[in-house]
Amino acid sequence: MKKTLIIGASPDPTRYAYKAAHMLKRFNHDFVNVGIKKGDVAGVTIEKPDQIHTDIDTITLYIGPALQPQYHDYILETNPKRVIFNPGTENYELEKLLDQHNIEPVRACTLVLLSTGQY
């Protein structure tokens, strides 16, 4: 299974990042929660973007373009195979940066990809 890093993790059950964490768990995907909120989601503690994880296949974004620049270096150092831009997170500048580092930008919805077996 592909290990996923959720940027914008939240313990708020109304947030899509929360729903994604629970769906990843339900489909037996390992995942890391990263965000500014404290707590845990689906049994995984939300951590700050301090520790670089070197075993990440996919980063899924749940933060808007205005907050993304502070994560650019973190994303590049994590060096995932792909970054999923969920609806509302699309960012041409970050997509271009990812292309330059051979990281695939994907405009999609993590929840849809998981529920349709395309993840």
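In what follows, every heavy atom counts, from backbone to side chain, and hydrogens, waters and symmetry copies are set aside.
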Closest approach of [X] and [Y], non-hydrogen atoms and distance?
X	Y	value
Met23	Ser115	SD-N, 4.2 Å
Ala17	Ser10	CB-N, 4.3 Å
Ala66	Pro69	O-CD, 3.6 Å
Pro105	Asp99	CD-OD1, 3.4 Å
Leu97	His101	O-ND1, 3.0 Å

Is there a donor-acceptor contact under 3.5 Å from the side chain of [X] to the main chain of [Y]?
X	Y	result
Lys37	Ile46	no
Gln68	Thr89	yes
Asn33	Val41	yes
Tyr62	Phe85	no
Lys25	Ala42	yes

Is the [atom1] atom of [X] crowded by more than 12 outside heavy atoms at less than 6.0 Å?
X	atom1	answer
Ile52	CD1	yes
Tyr16	OH	no
Glu93	CD	no
Lys48	NZ	yes

Inset, instruction - Measure the acute angle between the ring planes of Tyr71 and Tyr74, then classify it against the limits of 30° and 60° as parallel, tilted or perpendicular. - result: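 Because their plane-to-plane angle is over 60°, the rings of Tyr71 and Tyr74 count as perpendicular.
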
Inset, instruction - With side chain to side chain contact (heavy atoms under 4.5 Å, CB included) as the test, would you mind laying out the steps for Asp57 and Arg82 before giving the verdict? - result: CA-CA 7 Å; Asp57 177 85; Arg82 65 181 178 164; 4.0 Å; yes

Legend entry - Any residue meeting ring pair (Phe, Tyr, Trp, His ring centres under 6.0 Å) with His72, in chain and number order, not counting sequence neighbours: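 His72 satisfies ring pair (Phe, Tyr, Trp, His ring centres under 6.0 Å) with no other residue.
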
Transitive ILVMFWY side-chain link [X] to [Y], under 4.5 Å:
X	Y	value
Leu114	Leu61	no
Val32	Ile63	yes
Val34	Val44	no
Val106	Ile56	no
Val112	Ile84	no

Inset, instruction - Evaluate side chain to side chain contact (heavy atoms under 4.5 Å, CB included) for Thr110 paired with Thr58, printing each intermediate quantity in order. - result: CA-CA 10 Å; Thr110 297; Thr58 301; over 6 Å; no

If I take atom [atom1] from residue [X] and atom [atom2] from residue [Y], how far apart are they, to the nearest 0.5 angstrom?
X	Y	atom1	atom2	value
Ile59	Thr78	CD1	OG1	4.5 Å
Asn86	Arg107	CG	CZ	12.0 Å
His53	Lys3	NE2	NZ	6.5 Å
Asn79	Lys81	CG	NZ	10.0 Å
Ile103	Ile75	CD1	CD1	8.0 Å
Glu104	Glu95	CD	CD	11.0 Å

Legend entry - Phe31 six-ring centre to Arg26 NZ/CZ under 6.0 Å and within 45° of normal: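 Because its charged atom misses either the 6.0 Å distance or the 45° angle limit, Arg26 does not stack over Phe31.
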
Legend entry - Which residues share a side-chain hydrogen bond (donor to acceptor under 3.5 Å, both in side chains) with Thr54, sequence neighbours left out: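 Once residues adjacent in sequence are excluded, Thr54 has no partner under the side-chain hydrogen bond (donor to acceptor under 3.5 Å, both in side chains) criterion.
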
